[in-house]
Enquirer: 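Structure incoming, see below.
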Amino acid sequence: MKRKLVFILVALIALVPASYFAVASTFGKITPDTNPPVRVQVEGSQIYVPVGEPVYIYIKLYSYSGASGTVTVKVKKDLIYYTDAEYTTLEAHVDIKPGEEKEVYLGGFVASDETCYGHIGSWCFPGSFREYFIQVYFNGRLIYNPVSVDGREFVRTYRPAG
Amino acid sequence: MEKGNSAVVMMALIVILIAFIYFLPYIAYYLKPPYPPYPTTTTTTYPTTTYPTHPTTTPTVTTIPTVTTTIPPGSEASYLGVRFVAEHGSLQKP
């Protein structure tokens with residue numbers, strides 16, 4: 001009886017991080033058909049938004065010789081105590097003329113996690129989410145993979161007062 | 001020899017001995033062979049060397065961009081940047 005209880009307890013502890021990563025990649029996704037809001041209060045490469053806020057993504061690309069294909073943006077969660085987890089994937093088709101800089105709208109995602117640095121007081125364990133960041137692929141090839149936590153583009157969240 | 005005479009002789013001998021001991025260094029000084037002459041010293045003048053002055057350089061400060069673009073060889077398009085847009089929020093930590 002005791003052995004069974006210990007086994008169940010160990011299994012539950014192991015399942016907590018596993019379930020964290022098992023979150024579907026489509027969760028929180030906003031398709032490119034949905035237009036960004038008309039009243040835009042904040043736009044930039046490093047922004048802070050309230051928890052639950054929809055965030056829309058525009059990617060700027062350049063091609064020397066011209067390119068046509070699919071640009072894919074993986075929105076990832078930067079977790080302090082776990083390895084980074086994929087949050088959602090956005091895709092769009094793009095045609096770029098030679099020497100052209102083109103901005104592509106890819107849709108967006110809902111920033112549902114609250115940025116939290118450890119904390120025991122208001123309890124943000126486990127994993128402790130820091131920020132959303134992106135990886136960019138063009139026709140399946142990784143063309144942008146930032147690693148600097150503070151230097152890269154990010155979306156961090158906060159709990160609005162009141 | 002009488003007792004008194006022998007005492008005087010003894011006293012005289014002692015006085016001579018003391019005087020000898022006293023003057024021994026002086027005697028030795030005069031008896032020792034002369035020192036060889038000291039070698040004459042020659043002053044050597046070294047050539048004066050002038051060192052070239054180090055050129056003053058102004059340090060060049062290179063600012064490293066915080067965001068680097070990864071362009072793998074053979075890729076058709078390269079990433080220039082991202083713009084996040086939201087209805088509520090801020091650019092600074094609230």
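Bear in mind the structure is a predicted one, so any value in this text is a computation, not a measurement. Proteins come first, then strands; the chains are lettered A, B, ... in the order of their sequence lines, and each starts at number 1.
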Enquirer: Applying the 4.5 Å side-chain criterion to the ILVMFWY set and letting contacts propagate, would B:L91 and A:Y132 be lumped into a single cluster?
Expert: yes
Enquirer: Is it the side chain or the backbone of A:P54 that comes within 4.5 Å of chain B heavy atoms, both, or neither?
Expert: backbone
Enquirer: If you measure from OG on B:S78 to OH on A:Y144, what distance do you get to the nearest 0.5 Å?
Expert: 12.5 Å
Enquirer: Of the listed residues (A:V155, A:V147, A:V73, A:L106), which shares the most heavy-atom pairs with chain B below a 4.5 Å separation?
Expert: A:V155
Enquirer: Under a single-linkage rule joining Ile, Leu, Val, Met, Phe, Trp and Tyr whose side-chain heavy atoms are separated by less than 4.5 Å, which residues share a cluster with B:I14?
Expert: B:I18
Enquirer: Sub-4.5 Å heavy-atom contacts with chain A: which residues of residues 81-90 of chain B show up?
Expert: B:G81, B:V82, B:R83, B:F84, B:V85, B:A86, B:E87, B:H88, B:G89, B:S90
Enquirer: Can you tell which part of A:S68 gets under 4.5 Å to a heavy atom of chain B, answering side chain, backbone, both or neither?
Expert: backbone
Enquirer: Grab the two heavy atoms, one from A:E153 and one from B:Y79, that are nearest each other, plus how far apart they are.
Expert: OE2-OH, 2.6 Å
Enquirer: Counting only heavy atoms closer than 4.5 Å, note whether A:I59 contacts chain B via side chain, backbone, both or neither.
Expert: both
Enquirer: Could you tell me which non-hydrogen atom of A:Y62 sits nearest to which non-hydrogen atom of B:L80, and how far apart they are?
Expert: CB-CD1, 3.6 Å
Enquirer: Distance from B:K93 atom NZ to A:T115 atom OG1, nearest 0.5 Å?
Expert: 8.5 Å
Enquirer: Less than 4.5 Å to any heavy atom of chain B: does that hold for the side chain of A:D150, its backbone, both, or neither?
Expert: neither
Enquirer: I'd like to know whether B:E76 forms a side-chain contact (heavy atoms from CB on, under 4.5 Å) with A:N139, so could you lay out the CA-CA distance, the side-chain angles of the two residues, the decisive distance to 0.1 Å, and finally the verdict.
Expert: CA-CA 9 Å; B:E76 299 161 328; A:N139 285 339; 2.9 Å; yes
Enquirer: Taking B:I21 as the starting point, is it possible to reach B:F23 by hopping between hydrophobic residues whose side chains are less than 4.5 Å apart?
Expert: no
Enquirer: Let me check something: do B:V9 and B:M11 share a hydrophobic cluster, defined by ILVMFWY side-chain heavy atoms less than 4.5 Å apart, either directly or through other members?
Expert: no
Enquirer: Quick one: of A:I134, A:I96, A:V104, A:V94, who has the most non-hydrogen atom pairs under 4.5 Å with chain B?
Expert: A:I134
Enquirer: Should A:I57 and A:Y48 be counted in the same cluster of Ile, Leu, Val, Met, Phe, Trp and Tyr side chains packed under 4.5 Å apart?
Expert: no
Enquirer: Side chain from CB out, backbone as N, CA, C, O: work out which of these in A:V136 comes under 4.5 Å of a heavy atom of chain B, or both, or neither.
Expert: side chain
Enquirer: In terms of hydrophobic clusters joined by side-chain contacts under 4.5 Å, are A:I47 and A:V51 together?
Expert: no
